[in-house]
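The shown structure was predicted, so the numbers you read here are calculated from the model rather than taken from an experiment. By convention in this document, chain letters (A, B, ...) are assigned in the order of the sequence lines, proteins followed by strands, and residues within each chain are numbered from 1.
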Amino acid sequence: DEHPIKVGILHSLSGTMAISETVLKDTVEMLIEQQNAKGGVLGRELEAVVVDPASDWPLFAEKARELLAQEKVDVIFGNWTSVSRKSVLPVVEELNGLLFYPVQYEGEESSENVFYTGAAPNQQAIPAVNYLMNEIGVERWVLAGTDYVYPRTTNKILETYLMDMGVAKEDIMINYTPFGHSDWQNIVSDIKRFGSAGKKTAVVSTINGDANVPFYRELGNQGIAASDIPVVAFSVGEQELSGIDTGPLVGHLAAWNYFMSVDSDANYDFIDQWIEHTGNDEAVTNDPMEAHYIGFNMYIEAVKKAGTTDVDAVKDAIIGVTVPNLTGGYAAMMPNHHITKPVLIGEIQDNGQFSVVWETPSTVAGDAWSDYLPGSRDLIADWRKPMSCGTFNTKTGSCGASAGEMAAADE
Amino acid sequence: MGILRSLTLLLIALASVLSLPATAQDEDPGEQLLFNLAEAPASKVEEAINAIVSSGDERARGWIEAYGNNRLSRIKDTGQVVLVLNNRGRDWEIANPLTGENMGDMSRRELDRVAINNRIRGQLEGILAMLDLNAADPDVREASAQDMMGKVDASLVAPLEARLEQEGSARVRNRIEEALAIYRVGEGNLEAIDVLAGSLHPRARAALNEAVRGDNPALATKAKQALGTIEQKLKLNRAAETLYFGLSLGSVLVLAAIGLAITFGVMGVINMAHGELIMLGAYTTWGMQQLFPGQPGLALILSIPTGFMVAATAGIIIERSVIQYLKGRPLETLLATFGISLILQQLVRTVISPQNRTVVTPEWMSGSLVINDALSLTLNRLYVLAFALVVFATLMLIMRKTRLGLEVRAVTQNRNMARSMGIRATRVDIMTFALGSGVAGLAGVALSQLTNVGPNLGQNYIIDSFMVVVFGGVGNLWGTLIAGLSLGTINQLLEPWAGAVLAKIIVLVFIILFIQKRPKGLFPQKGRAAEG
Amino acid sequence: MSMLEQLTHRDRVFDFLAPVASPVDVRHGPILYMEGVNVSFDGFKAINNLNLTVDDGELRCIIGPNGAGKTTMMDIITGKTRPDTGSVWFGSRHNLLTKNEPDIASLGIGRKFQKPTVFEALTVFENLELAMATDKRILPTLTAIMKPEYRDRIDEVLQTIGLQKLRDKLAGILSHGQKQWLEIGMLLMQKPRLLLVDEPVAGMTEQEMERTAELLTSLAGKQSVVVVEHDMGFVRSIARQVTVLHQGSVLAEGTMDQVSNDPEVIKVYLGEEE
Amino acid sequence: MAISQNWLLRPFQERSTQIFLGVLFAALVVVTFLHLFMPQDSALHVSAYTVTLLGKYLCYALLAVAVDLVWGYLGILSLGHGAFFALGGYAMGMYLMRQIGDRGTYGDPILPDFMVFLNWDELPWYWLGFDMAWFAFIMVLLAPGILALVFGFLAFRSRVTGVYLSIITQALTFALMLAFFRNEMGFGGNNGLTDFRDILGFNLRTDATRLGLFIATGIALAIGYVICRAIVTSKLGRVSIACRDAEARTRFLGYRVERVQLFVFVVSAMLAGVAGALYVPQVGIINPSEFSPLFSIEIVVWVALGGRATLYGAVIGAILVNYAKTVFTGVMPDAWLFALGGLFVLVTVFLPKGIAGLLQKRRKAKTDDDTPTGQEATA
Amino acid sequence: MLKIQKLNQYYGESHTLWDLDLDVPQGQCTCVMGRNGVGKTTLMKCIMGEETTKSGSIEFAEDVELTKKKIEDRSRLSIGYVPQGRQIFPLLTVEENLRTGLAVRKDGSKKIPERVYELFPVLKEMKNRRGGDLSGGQQQQLAIGRALVIEPRLLILDEPGEGIQPNIVAQIGEVIRRLIEEDGLTVLLVEQKLPFARKYADRFAILDRGRRVAEGGIGELSDELIKKHLTV
Ligand SMILES: Nc1ncnc2c1ncn2[C@@H]1O[C@H](COP(=O)(O)OP(=O)(O)OP(=O)(O)O)[C@@H](O)[C@H]1O
Ligand SMILES: Nc1ncnc2c1ncn2[C@@H]1O[C@H](COP(=O)(O)OP(=O)(O)OP(=O)(O)O)[C@@H](O)[C@H]1O
Ligand SMILES: NC(N)=O
Ligand SMILES: [Mg+2]
Ligand SMILES: [Mg+2]
């Protein structure tokens with residue numbers, strides 16, 4: 001086959017999400033370039049097909065359809081927000097596409113056609129809380145998040161988890177703010193008050209993107225130092241920090257599966273390539289970029305293994321594929337379409353980087369269905385034949401309805 | 001606790017140590033100390049720090065600070081401990097921690113950071129605070145004593161008491177007494193509660209709270225009483241704080257809206273690109289800070305005129321290229337300026353970056369103005385509040401006292417007639433639009449100190465700005481001021497009990513209902529004239 | 001029968017004069033009754049204890065210096081301005097102060113504004129159509145059809161106001177005087193019991209003025225007309241009863257001769273030589 | 001030609017409506033034909049993707065017509081029409097959610113997935129009834145209709161006009177957006193409603209259903225257009241214009257301006273609701289961003305670009321802008337905003353009356369009978 | 001002072017002024033008359049530049065060609081304009097309305113000339129009220145006062161007596177005369193009311209359907225002419 005392999009890139013280049021997603025587009029483009037420099041795969045070139053879904057959720061679905069139905073791409077790398085993924089999901093399922101999703105998310109999903117290379121809650125939130133509890137001795141918790149599904153779900157999981165661990169209800173404060181919230185005076189003041197009850201307090205932040213800068217500014221100005229009330233964030237990476245004056249933030253934390261500061265050769269190489277690709281000496285890398293790096297390499301491996309880009313063949317081949325990650329270890333694609341990841345806790349430094357202060361002893365496999373939510377406790381996903389099920393109920397021993405229907409539709 | 005014991009030693013040794021000359025060169029003991037620190041496994045770090053602190057080496061403080069700031073690294077090949085002077089980018093500038101001699105740049109790959117974590121950092125801060133307790137500057141001593149609050153343990157009581165003896169400043173004495181009292185309340189000392197009864201400091205309250213929870217009934221009762229009085233005072237402070245939050249949010253709204261009050265309120269141009277003009281002002285600040293690295297304050301001050309000029313120039317270009325063709329078709333300005341706003345946003349994404357830019361807050365704008373332990377006003381917002389008022393007053397003067405104000409109103413009310421009166425309408429248009437745009441630029445300069453500087457900046461403020469202008473009554477600058485401040489205050493009053501989202505919704509519903517009552521805003525144009 | 005012809009038979013009640021809705025009860029007194037009306041704007045007393053009655057079928061001229069409150073008085077009658085105190089009755093049944101503009105209009109009070117206001121984006125014909133006395137509720141308006149008799153009536157009025165040629169032109173392009181006529185036409189279409197006419201002849205030539213005078217006098221009798229005008233020639237040609245307003249209250253009332261010889265009136269209004 | 005006496009039939013006698021309906025139906029037929037009967041690989045084949053895309057454009061066109069009705073003829077610049085569109089969409093979305101039944105991820109026969117994993121125990125009361133198509137379809141009209149009625153009643157009664165009205169419509173949609181973002185509201189928060197399966201028993205993921213929806217949208221647009229045209233050409237339409245240009249004067253003629261405004265506003269809101277309802281099954285998701293004030297402003301921009309107070313201009317504007325968006329985001333993903341923004345600027349500067357103005361000018365050269373187009377009303 | 005030759009003007013397709021000639025001699029009051037809609041106001045607008053002309057010339061003060069000039073430059077030549085319909089600035093106060101004219105004054109004065117208040121005392125009384133709130137007649141006085149602020153050489157008045165109480169109308173007439181006689185002002189007046197025209201104008205010109213059909217000293221304004229051109 002002489003046709004190039006078409007790689008769809010479905011990341012917002014305009015609108016509110018452009019701030020996060022443009023670098024992911026550039027990352028995939030860079031990876032494609034590099035792969036082509038290595039001679040492509042199966043002797044075929046790779047070709048990027050870029051579209052701009054413009055941070056508009058229905059447009060994500062439309063563009064996904066355009067990529068799959070019109071452009072006939074072999075695979076899509078894309079999406080950041082969960083809502084955009086939810087919007088695209090029916091389309092990739094209907095048209096039997098492949099989607100690599102690189103961002104940490106709330107879990108509770110496993111699609112036959114989607115590969116989740118970002119963290120599930122058990123690969124980020126739970127370990128972070130464990131760290132705070134065990135290493136820092138936190139007893140009182142503020143769960144602050146932007147009001148949407150990822151923080152809601154994550155906080156739900158954490159609340160259940162914390163209560164299981166014996167934390168009293170009054171020691172948990174939950175607070176939601178709208179997207180792009182910029183006036184944090186009251187909330188920070190509340191946090192300060194909440195933290196003055198004589199117990200070590202920490203903030204677990206699922207605050208999204210743009211709202212973070214004013215949040216941290218306010219923290220700094222109201223004099224909340226990391227040593228008093230540390231904030232551990234799940235959505236603040238190097239990209240976000242590059243827009244913040246990090247001076248007052250030193251010591252606050254983030255939990256990710258990758259930091260740019262990680263001391264590994266693979267990482268240093270990746271950074272060098274990235275800087276060369278962007279032509280910007282100050283360019284930073286971050287966790288979702290690593291996720292794409294992993295996802296991309298997994299895809300390449302799977303295509304090699306399957307010997308074709310045929311979607312079904314790749315889907316089968318990719319489970320079990322293992323590729324190096326950037327932190328010096330390996331990532332494996334699990335049967336539930338999530339991958340294994342190390343969990344790192346980093347402290348913000350004054351240079352806008354994180355220094356790793358703690359990490360899990362080994363990699364953690366992503367859990368599609370949380371063990372801390374009653375509705376999904378008993379569910380697992382396994383896309384290997386013959387089970388091929390995204391919602392297998394271990395109690396009843398049967399596959400959930402949606403998968404059943406999908407299987408029927410496939411016939 | 002090891003570290004604190006070493007502190008005691010340190011304090012006693014200090015006076016003499018400070019005057020010691022540098023020790024002999026051949027065998028620098030510092031080298032070993034640093035090596036030990038770098039090599040220490042997590043459990044031995046404390047010991048290593050102890051060793052450094054109690055060594056009496058005058059460079060100790062620098063090392064500890066560097067360690068706390070993640071600036072101690074080792075060269076992978078040689079194991080030598082170095083000081084990282086600049087850790088941005090791929091090549092780091094390093095120096096010899098023993099001699100201070102600059103060792104040039106070294107790739108980050110070659111370096112291995114000496115690990116530190118939050119817990120240790122917290123302890124280091126305690127150490128540094130302790131060191132500061134003897135500083136010459138009473139402010140430093142006070143801050144240090146304040147840091148000690150809640151961190152005092154048995155080993156520190158004696159040195160603190162000793163310090164108390166010598167201390168001349170009443171402020172510092174108070175702090176030290178409070179710090180000691182917190183410790184003593186923990187020990188079950190009833191009198192200590194009297195010391196804390198008037199304190200608004202959160203740590204004092206924390207200590208009292210703990211006493212209430214504790215199993216000493218006498219202590220608990222007394223602590224409860226003390227807490228009661230404190231709560232009373234806190235309430236007042238909290239009210240003042242909320243008011244401040246409200247005015248501060250309000251001033252942001254006013255700043256964002258005031259330029260629009262000119263271009264939209266006075267000229268009648270539905271300027272959807274107003275937000276992007278604000279954005280330009282914010283980017284100017286960023287640009288100025290790039291031009292003057294290391295001098296964020298100077299850059300910020302220079303940004304005020306430049307931000308104005310940049311946005312005003314952009315305004316003039318917009319006026320000349322588009323708006324002038326839309327005279328008498330105000331609604332179509334919406335279409336055109338919407339287009340311009342899209343273009344400007346994407347222009348910034350393409351030319352600068354889709355990511356946010358870092359704008360540094362100068363020293364003098366960081367932190368808070370401390371009124372008391374429970375009430376402090378964040379400085380950046382205080383400056384913005386003042387700035388908003390100054391901008392407002394200036395604008396008011398221009399519109400009221402200069403001919404421009406009169407002419408622009410005449411031109412918008414009846415363009416042809418104004419021209420028949422010899423008013424150069426074109427020039428008036430340009431100047432007014434430039435003024436409104438320039439003020440938007442000023443808003444951007446101010447906002448750069450509060451929020452993201454990025455391509456979406458404008459979008460976040462455009463809706464609010466229109467809301468404020470209209471709520472205040474179109475064409476009335478006072479209205480804009482009052483509307484902004486009151487909407488901000490209402491929002492902040494609601495937030496504590498309704499939450500941020502609901503508070504915002506309630507404010508919007510309030511606006512809707514308010515407009516039912518006063519269909520022409522807060523300060524309506526009255527009389528026949530308004531009915532047309 | 002053309003309307004003008006109809007008008008020559010004053011002894012009959014003509015169809016276009018037949019009351020539309022809520023008949024006005026004038027058996028026991030005047031058609032318009034204002035008592036003790038006060039209005040002030042930001043402390044400025046525009047209407048000051050004004051008392052005025054207009055009898056059914058009367059043609060009343062109101063004159064008075066600029067700013068005397070003539071237009072404001074009409075604003076009060078038509079519901080545009082709410083007085084601070086006082087009472088205003090239409091017939092003996094309708095308290096106008098409790099009603100809003102459309103209510104008052106449907107009761108049968110029509111008004112021509114001082115500054116001609118017509119619907120500029122509609123044609124002359126459509127302007128008259130909208131003014132026509134019909135059911136003005138939503139659904140009837142939506143389903144309204146242009147009956148031939150309606151068309152005829154509009155054409156008649158067009159004839160009367162001399163704008164036949166401009167029938168299908170947008171009202172926005174009319175000259176000042178043409179707009180004046182159009183507004184008079186709209187008033188005629190409304191078939192009101194009481195017409196309030198604010199400076200109808202401003203900007204008209206002498207001859208047009210005469211036509212207007214004829215028109216207004218012919219309306220009087222069956223309809224009541226209140227005319228405000230500064231052109232003394234015109235006022236003289238139509239007036240029977242003249243009221244002079246000054247500083248918001250009645251300064252003088254009487255026949256034209258009485259009034260124009262009143263020294264006060266001469267002083268504040270007419271000027272020495274007339 | 002005798003003008004029909006029936007207000008609903010009147011539009012059919014207008015040349016512009018005849019042309020509009022002719023073009024619309026021709027387009028429906030041609031697209032259907034090309035989709036069904038052209039081989040997949042033919043250059044003339046219209047793919048299911050394109051059919052859905054066109055369907056979406058038609059939904060937007062109907063929405064734009066609704067906005068033009070109130071803006072162009074009544075002078076009410078609604079910056080919140082997205083709210084009515086979204087409400088219609090949510091009503092439909094709720095129906096579609098209920099149609100999923102136990103095929104959802106968690107297999108709960110009643111609760112939608114998002115409720116299951118956020119621990120809702122039962123369906124909130126306002127979700128009741130949405131499993132029935134007739135009820136949902138009535139709500140498609142009623143939800144926006146009632147909101148418009150209540151909101152309009154308050155606003156028009158108090159004589160809120162001009163920019164004040166525009167801004168409170170904006171506040172309305174903004175408030176609704178924030179409310180719908182809240183997960184507590186029970187509408188799926190930011191994720192909204194998605195993963196629909198079938199509508200009226202037809203599988204939404206088949207091409208035939210898509211074509212059906214496309215045709216249904218076309219017909220809805222035709223009906224909506226005719227209704228608007230009928231209103232506009234009726235006496236009520238002229239009263240609307242009167243209200244737009246001289247509200248006070250209209251009152252003195254005895255018209256209850258606020259009722260005229262309310263009537264037209266509610267009709268327009270319902271049309272917007274229908275547009276939203278047809279939009280949702282075709283794009284597959286409804287989320288609070290449809291309530292975003294910027295979306296509502298964008299709708300106004302379509303209308304202005306197409307040409308205000310013409311109705312067909314609104315259709316042209318909506319289709320053109322959205323087509324441009326589709327094309328530009330595909331072929332020039334990095335620079336499409338320049339192109340779109342530039343388009344807006346150029347049209348305003350060079351085509352004062354929008355695209356319809358251009359068409360009118362050419363038409364005017366031929367005939368002279370022209371429905372009056374709007375003068376400048378106040379914003 | 002003003003010499004108009006072969007002026008043609010169109011509103012879109014419709015030809016409103018036809019080959020119009022008009023002479024306004026210095027130091028006199030010329031009165032333009034004609035039925036409604038014949039183009040009087042249009043002519044004034046052409047002189048002021050509010051409407052563009054198709055062809056013809058308007059010459060001001062012997063040597064300045066007006067047709068090419070911008071509106072504001074025309075007023076800066078000291079042409080005062082009192083338009084039909086008053087056109088005051090409704091939201092400006094009376095004083096502000098007057099002050100708009102100060103920009104043009106040759107002496108650069110920042111004060112409103114006392115003369116204006118003298119002529120129209122009501123304006124002083126209502127100094128701080130918004131223009132739009134004034135009664136119709138007060139607005140008309142304001143419009144005239146405003147035009148006088150610029151100390152015009154040529155004053156264009158479009159039906160200035162409209163809506164003004166009789167004694168003030170007479171007063172305006174007197175003012176016009178006084179300005180002409182004392183200051184050498186030139187006045188171009190549009191007026192429908194014959195007595196007023198006869199009393200205060202020096203010359204007349206009659207317009208009919210956009211053409212000038214008669215012209216002459218005011219004494220020559222015969223009943224025949226009136227009947228022919230001014231009756232309906
Ligand atoms: N809304 C208002 N605000 C302030 N003053 C007002 C308002 N409306 C009217 N006035 C004042 O009230 C007085 C009466 O005005 P009105 O228009 O009734 O006079 P008028 O008798 O009609 O005069 P004219 O003959 O000049 O038209 C005037 O002095 C006017 O300035
Ligand atoms: N903007 C316009 N567009 C088209 N036609 C217009 C416009 N303005 C005026 N006209 C027409 O031009 C003609 C002359 O109008 P103009 O206002 O000059 O009349 P006029 O002599 O001043 O009348 P009047 O005595 O009523 O003030 C009128 O027939 C009018 O309908
Ligand atoms: N998955 C997220 N972060 O939306
Ligand atoms: Mg009046
Ligand atoms: Mg005229």
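Per-residue counts of heavy-atom pairs under 4.5 Å with chain A were compared for B/P202, B/G367, B/S353; the largest is that of B/G367. When B/L457, B/L234, B/N452, B/N491 are compared by the number of non-hydrogen pairs under 4.5 Å with chain A, B/N452 comes out ahead. The choice from A/A211, A/P230, A/S189 that makes the most heavy-atom pairs within less than 4.5 Å of chain B is A/S189. Between chain B and the residues A/V356, A/D147, A/I345, A/V284, the largest count of heavy-atom pairs under 4.5 Å involves A/V356.
Within the 4.5 angstrom heavy-atom criterion, atoms from both the backbone and the side chain of B/L249 approach chain A. Looking at B/T350, neither its backbone nor its side chain comes within 4.5 Å of chain A, counting heavy atoms on both sides. Proximity to chain A (any heavy atom under 4.5 Å) is restricted, for B/N456, to the side chain, taken from C-beta onward. For chain A, the nearby parts of B/Q355 are the backbone and the side chain; heavy atoms of each come within less than 4.5 Å. Heavy atoms closer than 4.5 Å to chain A are found nowhere in B/V453, neither backbone nor side chain.
When each of B/K76, B/R108, B/R113 is tested with A/D263 by the rule side chain to side chain contact (heavy atoms under 4.5 Å, CB included), just one qualifies, namely B/K76.
The minimum heavy-atom distance between A/V357 and B/I116, with the atom names listed, is CG1-O, 3.4 Å. The two atoms that bring B/R88 and A/N351 nearest to each other are NH2-CA, 3.6 Å, heavy atoms only.
One distance of note links CZ of B/R381 with CG of A/D183; it measures 4.5 Å at 0.5 Å rounding. Taken to the nearest 0.5 Å, the OG1 atom of B/T361 stands 4.0 Å off from the CZ atom of A/R217.
Within a 6.0 Å radius of CD in B/Q290, other residues, nucleotides and ligands contribute more than 12 heavy atoms.
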Test side-chain hydrogen bond (donor to acceptor under 3.5 Å, both in side chains) on A/T16 and B/Q459; report intermediate values, then the result. CA-CA 9 Å; A/T16 49; B/Q459 300 270 299; over 6 Å; no

Would you check, one step at a time, whether the test salt bridge (Lys or Arg N to Asp or Glu O under 4.0 Å) holds for B/R90 with A/E282? CA-CA 9 Å; B/R90 283 179 291 181; A/E282 316 251 291; over 6 Å; no

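The pair A/D272-B/R109 counts as a salt bridge, with a side-chain nitrogen and a carboxylate oxygen less than 4.0 angstrom apart.
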